[in-house]
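Below is one structure; the comments refer to it alone.
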Protein chains: 2
Amino acid sequence: MKMSEGVEWAAHVCILLHWLQADDATPVPAARLAEAYDLPAPYLVKQVQALTRAGITESVSGVRGGLRLARPAGEITLMDVVTAVEGGAEAFACTEIRKQGMNAERPASDFRGPCGIAHAMRQAELAWRRHLASVTIAALADATPSSVPHDARRHFSRA
Amino acid sequence: MKMSEGVEWAAHVCILLHWLQADDATPVPAARLAEAYDLPAPYLVKQVQALTRAGITESVSGVRGGLRLARPAGEITLMDVVTAVEGGAEAFACTEIRKQGMNAERPASDFRGPCGIAHAMRQAELAWRRHLASVTIAALADATPSSVPHDARRHFSRA
DNA sequence: CAAACCTGGATAAGTTCTGTCCAGGTTACG
DNA sequence: CGTAACCTGGACAGAACTTATCCAGGTTTG
Ligand code: SF4
Ligand code: SF4
């Protein structure tokens, strides 16, 4: 029950891209993003590749290329970022142990449909997902004191 | 974002104990529980030890000892079982990367309080926990076709 | 064509999960 | 009392996943 560290990185990257794109939408090289948060560049690249594959970011090849958000930050949710980085698999993976051991000879018809455990786990996870889906990158960015994004823009312009 | 397999085992063990204790409350040896679901006995023991430490089950030492539920199944929730087995740590572990890199020289006062990301993650996880806390072992047991618990009792009595 | 940038795959190190084992301790029962 | 059934905790492999690095392409600018 541990979320990968890449989620935090990816979320920050999205927010940062949103700030930097206030005016124009020139792409930002992944190496610069890594440097901005002092992260291992090659690994961060792997994570943003996942974002790109998920359609959250767009990549531009070639000189002066880089990354930019593929859609407005208001249409990107934390849920999108989490699923992009972590994969969409459910946290609770049922292995159907009820069919083993003492119940091995029981007819399959006794086990049609998911049992209560699996169902409850799925519902709980849905509640979690719904909550994450209600938070957009734009909302997170707006909740930050304005000096931070301002300095971020300055940091990226001089260089 | 993956839940340990032990959670499924532990949940089944709790339900099974509840069924077997319909009348009396004689403890059940862990080895028998493992056999009932065809699980590796030594490892299952590890998981139920976690249940015992969390006060969900009680263990009885000595000959004819074993495990029993420490309180009525209606007062044991899925949340209890999950935290017992998985530990109470939060899924999203913030590493405060916002303080690194370009913001390294920013005064600590700019970062007081958790940021939006950490807050949203915490809220989502709370929603998940609340949902799990609303499901009791008794409710799960009741939702199973009655032939299954009946056979379970038979399976454990002859032997 | 060179330099800056991305992509994907291979690979290694580190950590967690899964599973086993053993040396104690406790109780029932003959 | 001694043995057998049962639990506990810790130590220890092996598998699996996470984290991190590297390299051989491909694309675009100038
Ligand atoms: S009873 Fe439920 S949790 Fe258990 S194995 Fe079957 S589906 Fe999975
Ligand atoms: S900004 Fe939020 S998510 Fe990022 S490091 Fe700080 S507290 Fe963690």
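Per chain, numbering begins at 1; letters A, B, ... match sequence-line order. Basis for what follows: all heavy atoms, side chains included, without hydrogens, waters or symmetry-related copies.
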Can A:Asp80 and A:Arg71 be said to form a salt bridge (Lys or Arg N to Asp or Glu O under 4.0 Å), step by step?
-> CA-CA 12 Å; A:Asp80 297 331; A:Arg71 43 192 151 107; 3.7 Å; yes
Trace of the side-chain hydrogen bond (donor to acceptor under 3.5 Å, both in side chains) decision for B:Thr57 with B:Thr52 | CA-CA 5 Å; B:Thr57 52; B:Thr52 303; 3.0 Å; yes
What one should report as the nearest heavy-atom pair of B:Ile56 and B:Cys14 is CG2-SG, 4.0 Å
When you check the phosphate oxygens OP1 and OP2 of C:dG8, does a side-chain N or O of A:Arg53 lie under 4.0 Å from one of them?
-> yes
Choose from C:dA28, D:dG10, C:dG25 the nucleotide whose nearest atom is closest to any side-chain atom of B:Val63.
-> C:dA28
Could you tell me the separation between the CG atom of B:Leu51 and the C1' atom of D:dT8, rounded to a whole number of Å?
-> 15 Å
With a non-hydrogen cut-off below 4.0 angstrom, is B:Ala31 in contact with a base, only sugar-phosphate, or nothing?
-> nothing
Are B:Tyr43 and C:dT18 close enough that a side-chain N or O sits under 4.0 Å from OP1 or OP2?
-> yes
Contact class for A:Pro42 (heavy atom, under 4.0 Å): base, sugar-phosphate, or nothing?
-> base
Expressed in angstrom and rounded to an integer, what is the separation of A:Ile97 atom CD1 from C:dG19 atom P?
-> 12 Å
Would you kindly give the CG-to-P distance between A:Leu67 and C:dT7, to the nearest whole Å?
-> 7 Å
Atom-to-atom span, CD of B:Glu58 to P of D:dC6 - whole angstrom | 18 Å
Starting at CG of B:Leu44 and ending at P of D:dC6, how long is that distance when rounded to a whole Å?
-> 15 Å
Atom pair distance, as rounded to whole Å: CE in B:Met3 and P in D:dA16 = 21 Å
Whole-Å distance between D:dT3 P and B:Arg64 CZ?
-> 21 Å
Taking only N and O in the side chain of B:Ser4, is any of them less than 4.0 Å away from OP1 or OP2 of C:dT18?
-> yes
Take the protein atom CZ of B:Arg68 and the nucleotide atom C1' of C:dT27, then report the distance between them rounded to whole Å.
-> 13 Å
Derivation of the side-chain hydrogen bond (donor to acceptor under 3.5 Å, both in side chains) call for A:Thr95 and B:Glu8 | CA-CA 8 Å; A:Thr95 47; B:Glu8 188 179 4; 2.7 Å; yes
With heavy atoms under 4.0 Å as the rule, sort B:Gly62 into base, sugar-phosphate or nothing.
-> base
Does the side chain of A:Met102 come within less than 4.5 Å of B:Leu16's, by heavy atoms?
-> yes
Distance test, side-chain N/O of B:Ser59 to OP1/OP2 of D:dT8, below 4.0 Å | yes
Which of D:dA20, C:dG19, D:dT8 is nearest the side chain of B:Trp9? It is C:dG19
Of B:Val60 and B:Glu86, the one whose closest DNA chain C nucleotide lies more 5' | B:Glu86
May I ask you to say what B:Lys2 touches in the nucleic acid, namely base, sugar-phosphate or nothing, with a heavy-atom cut-off under 4.0 Å?
-> nothing
